[in-house]
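Everything below concerns the one structure shown next.
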Amino acid sequence: MDETEHDHRVAEIRAGVLAGIPPRALDLTLTRSAIRMLHSHSWSIDKVNTVHDLVVCLQGTGEYIIQDERIRLTPGMAMLIPAGTRFQGRNPDPDKVYVGLAQHFRLDLFGRHDLLGRMRHRRVIRFSRWPMIGPLVRHYRATAPSGSTTLVMHHAFMVILTEFIEDAFIAWTTPGDAALDETEGLSMAITMAATQIAADPLQPGLAERVVSAAPYNAEYFRREFRRKLGSTPVKYQEFKRMEVGMQFLEGGFSVTETAHRLGFSDSYYFSRLFKRHIGISPRGWQDQVRLRRDGQWPRGQEDGQVIYPLRDD
């Protein structure tokens, strides 16, 4: 594999807007089972939901009016109707059935705060990875039970919703954009800082800049960041930087090449930092990659749960 192919492989793994948020920090609730939309030309709706509603078009056309905005959905497009928003919908085509999926949900951060309510995002998107997400949406629609929700539904919808968020996201709101209480404001500031770091961990000094940008005392913010995410902003950036290094090493780059791509002039210093965060040397990681390719369990991964630094046993 040549260097261009290596670059392509690493570039495919890009950090998204949710990359900095630990899975345990997000709480997805499906408030009812999926709605299998199958609407003729005579269909119309005019209502307000108390929770968020994600609508995905699979076939035909859906026409909506939300806050005086006229929206037209075609296959591969999705629309988020925020909680408490009145919307009207109809099928404008007398010759085709409008087929789609609607899912009512809540998505809370740290068990308390509406995550989507703290984002500025596009109301409507066309999925950038529709060839991948389309079959999942169709399967989700076809297999959702008529009554209760299931664990499998939660997992599948989280994938669909994540894809929507990645395509729709514009920016985080800040404490100045909306009335946030102290706890919510701090949680959102930590979330914003973590996602900024995870999205560009190779940017020198980024961790300290996001701390300076937060509307809180720097030491207090570092302490609360560590309490919620398990490490200080600087150490969090170091770990995310090493994760990128793991990807380069797995892609076939040498230790020296990886160190250079991560911005280290001294490959020995990079190796020490890598071992501090991951628990083994860069060459040791490459050995583990080879073991996995041969169907063996590398050290620290025997039970399928990887915890860094990797265990010594």
Side-chain angles (χ1 to χ4, degrees), residues 18 26-108 114-169:
L18 301 182
L26 290 180
D27 181 17
L28 172 67
T29 302
L30 305 184
T31 58
R32 59 162 297 171
S33 191
I35 301 171
R36 299 186 183 94
M37 298 191 301
L38 186 67
H39 302 315
S40 66
H41 180 56
S42 62
W43 169 78
S44 66
I45 190 170
D46 186 344
K47 65 176 298 190
V48 176
N49 294 318
T50 59
V51 294
H52 300 311
D53 188 7
L54 185 68
V55 179
V56 184
C57 177
L58 289 168
Q59 178 183 316
T61 304
E63 190 170 88
Y64 295 85
I65 298 176
I66 303 178
Q67 297 175 333
D68 298 324
E69 178 184 0
R70 191 172 295 275
I71 297 166
R72 197 175 182 88
L73 294 186
T74 57
M77 297 179 69
M79 170 181 65
L80 179 70
I81 305 173
T85 303
R86 182 187 175 198
F87 68 98
Q88 299 168 285
R90 70 187 189 96
N91 176 2
D93 192 336
D95 300 319
K96 291 183 180 179
V97 174
Y98 171 37
V99 180
L101 165 76
Q103 179 65 66
H104 295 184
F105 71 97
R106 293 194 303 268
L107 184 64
D108 297 322
D114 174 29
L115 182 70
L116 291 170
R118 298 312 170 196
M119 292 179 179
R120 286 195 294 113
H121 54 77
R122 299 170 185 85
R123 190 189 303 279
V124 180
I125 59 98
R126 183 173 295 280
F127 282 111
S128 61
R129 300 200 295 179
W130 183 244
M132 181 275 287
I133 205 70
L136 176 60
V137 173
R138 292 186 180 90
H139 177 75
Y140 183 85
R141 180 183 182 278
T143 59
S146 299
S148 62
T149 62
T150 66
L151 181 63
V152 173
M153 284 180 64
H154 277 74
H155 289 317
F157 185 71
M158 191 64 192
V159 175
I160 297 168
L161 180 59
T162 298
E163 287 291 319
F164 175 86
I165 291 173
E166 297 297 346
D167 285 334
F169 179 80

Do [X] and [Y] touch side chain to side chain, with heavy atoms closer than 4.5 Å?
X	Y	value
W43	L38	no
L18	F169	no
F87	K47	yes
M158	L26	yes
P145	T150	yes
F157	L54	yes

Any idea which heavy atoms bring [X] and [Y] closest together, and the distance?
X	Y	value
R36	A142	NH2-O, 3.8 Å
Y98	C57	CE1-SG, 3.8 Å
R122	F164	O-CZ, 3.9 Å
H41	N91	ND1-O, 2.9 Å
A156	L136	O-CD2, 3.9 Å
P75	G60	CD-O, 3.4 Å

Under 3.5 Å donor-acceptor, [X] side chain and [Y] backbone:
X	Y	value
D167	S128	yes
D93	D95	yes
R141	A34	no
T143	H139	yes

Evaluation steps, side chain to side chain contact (heavy atoms under 4.5 Å, CB included), between Y140 and V159: CA-CA 11 Å; Y140 183 85; V159 175; over 6 Å; no
Before giving the answer on side chain to side chain contact (heavy atoms under 4.5 Å, CB included), spell out for D53 and I35 the whole-Å C-alpha distance, their side-chain angles and the decisive distance to 0.1 Å. CA-CA 10 Å; D53 188 7; I35 301 171; 5.6 Å; no
Atom pair [atom1]/[atom2] of [X] and [Y] - distance to nearest 0.5 Å:
X	Y	atom1	atom2	value
E166	I125	CD	CD1	11.0 Å
T29	H104	OG1	NE2	14.5 Å
R86	I65	CZ	CD1	9.0 Å
L80	F105	CG	CZ	5.0 Å
I66	M79	CD1	CE	4.5 Å
R106	T31	CZ	OG1	6.5 Å

After noting the C-alpha distance and the side-chain angles of V55 and Y64, does the key distance pass the side chain to side chain contact (heavy atoms under 4.5 Å, CB included) rule? CA-CA 11 Å; V55 179; Y64 295 85; 3.7 Å; yes
Take L161 and Q103, measure what side chain to side chain contact (heavy atoms under 4.5 Å, CB included) needs, and give me the verdict at the end. CA-CA 10 Å; L161 180 59; Q103 179 65 66; over 6 Å; no
Partners of [X] by side chain to side chain donor-acceptor pair (under 3.5 Å), sequence neighbours excluded?
X	value
T74	R126
R123	Q67, E69
T50	none
H52	D114

Of all residues at least two apart in sequence or in a different chain, which pass the salt bridge (charged side-chain N to carboxylate O under 4.0 Å, His left out) check with R32?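 Result, salt bridge (charged side-chain N to carboxylate O under 4.0 Å, His left out) vs R32: none returned.
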Checking R72 now: which residues fulfil salt bridge (charged side-chain N to carboxylate O under 4.0 Å, His left out) with it, not counting sequence neighbours?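 In terms of salt bridge (charged side-chain N to carboxylate O under 4.0 Å, His left out), with neighbours along the sequence ignored, R72 is linked to E63.
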Quick check on K96: does its NZ atom have over 12 non-hydrogen neighbours (other residues, nucleotides or ligands) under 6.0 Å away?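 Atom NZ in K96 is not packed in, count stays at 12 or less.
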